J.: 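Structure in structure tokens, see below.
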Amino acid sequence: QVQLVESGGGLVQPGGSLRLSCAASGRTFSSTARGWFRQAPGKEREFVAAISWAGSTTYHADPVKGRFTISRDNDKNTVYLQMNTLKPEDTAVYYCAAGSTTSPNKNLYAYWGQGTQVTVSS
């Protein structure tokens, strides 16, 4: 009952930046936690970042700490992922997820967006 739509992906050079957005609609009252995950070709989907409803709790995966920042604007029902100093290994389809627990475990998220492609290449 929660719909999530990602946007903001694209092609960027190494060292560049992108800002992903995830707009939510539907019955989001019980699924207030938001997460970002990514999946590269031939690899499993992995955790990137998560945020609680109020934004006071955030988690960032080690490979992106210091480079990526998750945030949200509840008035706009939107979660963001600011990605700086992008590396080729960041290339993946990025997915937004919603769940009841702020967690790096992808299995705890009930709702998923369709994904947006991020390609980091020269």
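Remember, predicted model here, so these are calculated numbers, not experimental data.
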J.: Do you know which two heavy atoms are closest between V48 and V64, and how far apart they sit?
T.: O-CG2, 3.6 Å
J.: Establish, from distance only, whether the side-chain atoms of S17 and N84 form a donor-acceptor pair under 3.5 Å.
T.: yes
J.: For the residue pair T119 / Q117, report whether a side-chain donor-acceptor contact shorter than 3.5 Å exists.
T.: yes
J.: Does any N or O in the side chain of Y94 come within less than 3.5 Å of the main-chain N or O of Q39, such that one atom is a donor and the other an acceptor?
T.: no
J.: Output yes when a side-chain donor or acceptor of S56 lies under 3.5 Å from a complementary backbone atom of A54, and no otherwise.
T.: no
J.: Would you indicate whether W112, at its atom CH2, is surrounded by more than 12 heavy atoms from other residues, nucleotides or ligands within a distance under 6.0 Å?
T.: yes
J.: Please find the pair of heavy atoms, one from T102 and one from Y59, that lie closest to each other, and give the distance.
T.: O-CE1, 3.4 Å
J.: Taking V120's backbone N and O only, do any of them form a donor-acceptor pair with T91's side chain (distance below 3.5 Å, no angle check)?
T.: yes
J.: Inspect the contact between D90 and K87 and indicate whether a charged nitrogen and a carboxylate oxygen are less than 4.0 angstrom apart.
T.: no
J.: Could you tell me if the ring centre of F37 sits under 6.0 Å from that of F47?
T.: yes
J.: Is E44 atom CD crowded by more than 12 heavy atoms from other residues, nucleotides or ligands, each under 6.0 Å away?
T.: no
J.: Report the distance from atom OG of S52 to atom CZ of R72, rounding to the nearest 0.5 Å.
T.: 7.0 Å
J.: On the ring face of Y95, is R45 found with NZ or CZ under 6.0 Å from the centre and within 45° of the axis?
T.: yes
J.: Which atom pair, heavy atoms only, marks the closest approach of W36 to V79?
T.: NE1-CG1, 3.6 Å
J.: How close do L86 and L18 get, heavy atom to heavy atom, and via which atoms?
T.: CD1-N, 3.9 Å
J.: How close do L81 and A49 get, counting heavy atoms only, and between which atoms?
T.: CD1-CB, 4.2 Å
J.: How many angstroms lie between OH in Y80 and CZ in R34, if you round to the nearest 0.5 Å?
T.: 12.5 Å
J.: Without swapping roles, check the side chain of T32 against the backbone of F29 for a donor-acceptor pair under 3.5 Å.
T.: no
J.: Under a 3.5 Å distance rule, please check whether E6 uses its side chain to pair with a backbone N or O of T116 as donor and acceptor.
T.: no
J.: Please find the pair of heavy atoms, one from L20 and one from M83, that lie closest to each other, and give the distance.
T.: CG-CE, 3.7 Å
